[in-house]
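A short worksheet on the structure shown next.
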Amino acid sequence: MMPSPRLTFDLDRIEHNARTITGLCGDHGIRVTGVTKCVCGHPAVARAMLRGGVADIGDSRLENIRRMREAGIESPFVLVRLPPLSGAEQVVECTDASLNSEPALLRRLSVAADDRGQVHEVMLMVDLGDLREGLWPSDLPSVVAEAAQLPGIRVRGLGVNLACFAGVVPTEKHMNRLVSLAEEIEESLGIELAYISGLNSSGLELLEAGSVHPRVNHARIGEAILLGRETTQRRPWPGTHQDAFTLHAEVLELKTKPSQPVGERGEDAFGGTPRFEERGDILHALLNVGREDVDVAGITPLVPGVRILGASSGYLILDVSALAGKLRIGGELTFALNYSALLRAMTSEYVKKQPVRNGVPVNSRGV
Ligand SMILES: *Cc1c(COP(=O)(O)O)cnc(C)c1O
């Protein structure tokens with residue numbers, strides 16, 4: 001019997017998606033860092049991305065980067081989250097580059113790298129309005145000037161991240177602004193910035209429309225490779241698979257019950273007050289996956305007619321009337337996942353991870 005609950009992922013589809021995205025980016029002179037944070041740095045996924053043409057791997061957690069290194073993946077690794085002051089030494093030790101916005105960090109990374117006789121590359125992040133990481137443009141020149149003369153670090157370039165926090169949609173204007181900031185810096189400091197990193201999965205439409213300034217030469221892409229979608233409207237991206245990942249959960253209880261609760265109602269286990277539609281008696285199923293394992297709002301049953309009623313920490317509760325006579329105790333239902341659901345399922349220790357190729361399970365190294 002296969003372990004349950006489990007998340008299966010098709011490495012050939014991920015590789016194919018990576019090839020589609022790196023092909024599009026390559027046509028516009030853009031190198032791609034494949035971002036593995038949503039899969040907790042699963043080595044098999046990183047390998048599939050690399051086979052599909054990403055130049056290197058980016059992750060937000062050192063633990064994930066260590067995991068990939070220990071699995072024998074030979075690639076440069078970029079920390080795509082700001083490093084903590086308390087962990088600058090480890091960042092220098094186990095990554096080749098990191099994204100930065102704080103002078104105190106740059107100084108600490110400089111000392112840590114210089115002590116080890118290394119050069120750590122930094123991508124300085126600029127905030128063009130999404131209000132997550134990055135220097136405000138007016139503060140950028142002085143920080144780059146300081147960074148450029150610190151020993152042990154090399155300024156690899158400038159980056160911007162849009163869409164992730166405030167949902168600001170990237171535009172041609174944002175890209176032009178990023179390039180003009182970079183060129184002002186190059187001129188005033190007499191240096192050349194190797195990378196101008198303007199895009200994540202939210203920038204694919206802009207890129208395809210030909211609206212990305214030709215000096216933008218780097219993208220950091222996660223979701224479009226993993227789930228085959230751009231991220232401003234979550235449109236399926238042409239030539240990619242949206243179904244590389246599938247969640248499987250097992251039926252623990254199957255009974256005909258009323259569709260309405262019986263008795264006076266207060267709050268549920270999570271402080272909510274769920275609503276129930278009157279549908280008479282329904283075939284009610286409890287599955288062995290819950291809020292501790294997945295973002296329930298982000299999963300969709302793959303069998304038409306099956307309805308998710310809700311979830312507690314360990315149970316998913318469904319109306320499976322559409323499957324009357326077809327479902328058994330010990331049987332499984334499958335679900336598609338969005339980014340949030342995938343992130344949580346990959347992070348849950350209780351969900352087994354099963355890479356597959358051509359439908360056949362392979363080991364966790366992806367071979
Ligand atoms: C997560 C992340 C990415 C990847 O974003 P996607 O939308 O998954 O492509 C890129 N850059 C940074 C800084 C990130 O944190």
Side-chain angles (χ1 to χ4, degrees), residues 14 17-18 20-22 24-25 30-42 45-46 48-49 52-62 64-65 77-84 91 95 97-102 105 121-135 156-170 174-175 178 195-208 212 216-237 240 242 244-245 298 337-344 346-347:
I14 296 167
N17 287 0
T20 301
I21 301 297
T22 58
L24 168 69
C25 290
I30 289 181
R31 283 161 66 94
V32 177
T33 291
V35 177
T36 49
K37 67 184 181 215
C38 188
V39 293
C40 301
H42 197 293
V45 175
M49 285 186 173
V54 305
D56 53 17
I57 296 292
D59 203 291
S60 58
R61 310 266 171 177
L62 284 185
N64 296 348
I65 291 174
F77 286 97
V78 186
L79 184 67
V80 298
R81 184 169 69 162
L82 303 177
V91 170
T95 73
S98 57
L99 309 190
N100 284 275
S101 66
E102 286 293 349
L105 246 300
E121 298 211 4
V122 297
M123 168 97 65
L124 291 171
M125 298 303 282
V126 46
D127 186 347
L128 295 182
D130 199 52
L131 305 183
R132 205 179 74 171
E133 76 275 46
L135 287 147
R156 160 186 281 210
L158 288 192
V160 66
N161 198 61
L162 292 163
C164 277
F165 177 53
V168 171
V169 175
H174 289 118
M175 298 301 117
L178 183 66
Y195 286 83
I196 300 186
S197 186
L199 305 173
N200 57 25
S201 297
S202 66
L204 295 181
E205 292 199 333
L206 198 63
L207 184 62
E208 198 172 56
V212 173
V216 172
N217 63 358
H218 185 254
R220 310 165 312 268
I221 308 275
E223 182 163 352
I225 295 175
L226 300 170
L227 296 174
R229 290 176 192 274
E230 64 80 40
T231 56
T232 63
Q233 306 284 333
R234 295 266 151 24
R235 277 184 220 133
W237 193 256
T240 63
Q242 285 73 53
F245 293 82
L337 305 97
N338 71 6
Y339 189 85
S340 170
L342 177 60
L343 176 67
R344 197 164 331 154
M346 285 300 306
T347 308

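As a basis for the values below, the full set of heavy atoms in this structure was taken, side chains included, without hydrogen atoms, waters or symmetry mates. Counting starts at 1 for both ligands and their atoms, following the listed order.
For atom 12 (C) of ligand 1, the nearest protein heavy atom (residue, atom name, distance) is Asn161 OD1, 3.5 Å. Nearest protein heavy-atom contact of atom 11 (N) of ligand 1 is Arg220 NE, 2.8 Å. Asn200 CB, 3.8 Å is the protein heavy atom nearest to atom 5 (O) of ligand 1.
Checking each of Leu178, Leu199, Ile196, Val216 against Val160 for a side chain to side chain contact (heavy atoms under 4.5 Å, CB included) leaves exactly one that passes, namely Leu178.
Here is the list of ligand 1 atoms found below 4.0 Å of a heavy atom in Gly222: 4 (C), 6 (P), 8 (O), 9 (O). Close contacts between ligand 1 and Leu99 involve ligand atoms 13 (C) [criterion: under 4.0 Å to a heavy atom]. Per-residue contacts place Ile221 under 4.0 angstrom from the following atoms of ligand 1 (heavy atoms of the residue considered): 9 (O). Which parts of ligand 1 touch Glu133 is read off a 4.0 Å heavy-atom cut-off, strictly below it: atoms 13 (C). In summary, the atoms of ligand 1 found under 4.0 Å from a heavy atom of Val80, numbered by their order in the structure, are 13 (C), 15 (O).
Counting heavy atoms only, Ser201 comes closest to atom 7 (O) of ligand 1 of the residues Gly134, Ser201, Gly34. Here the shortest heavy-atom distance to atom 15 (O) of ligand 1, taken over Arg229, Lys37, Glu223, belongs to Lys37.
Counting all heavy atoms, side chain and backbone alike, Phe165 lies closest to Leu131 at CD2-O, 3.5 Å. Nearest approach of Asp130 to Asn161, heavy atoms of both residues: CB-O, 3.7 Å.
Here Arg81 does not pair with Glu133 in a salt bridge; the nearest charged N to carboxylate O distance is not below 4.0 Å.
Of the inter-residue distances, the one linking Leu135 atom CG with Glu102 atom CD reads 7.5 Å to the nearest 0.5 angstrom. Between Glu230 atom CD and Ser202 atom OG the span is 8.0 Å, to the nearest 0.5 Å. Distance check, rounded to the nearest 0.5 Å: CG of Asp56 to CZ of Arg31 gives 6.5 Å.
The backbone N or O of Arg61 lies less than 3.5 Å from a partner atom in the side chain of Asp59, making a donor-acceptor pair. With Thr33 contributing its side chain and Arg220 its backbone, the two residues share no donor-acceptor pair below 3.5 Å.
Proximity of Arg132 to ligand 1, defined as any heavy-atom pair under 4.0 Å, is confined to the side chain (atoms from C-beta onward). For Arg81, no heavy-atom contact with ligand 1 is shorter than 4.0 Å. Contacts with ligand 1 closer than 4.0 Å are made by no heavy atom of Leu226, backbone or side chain.
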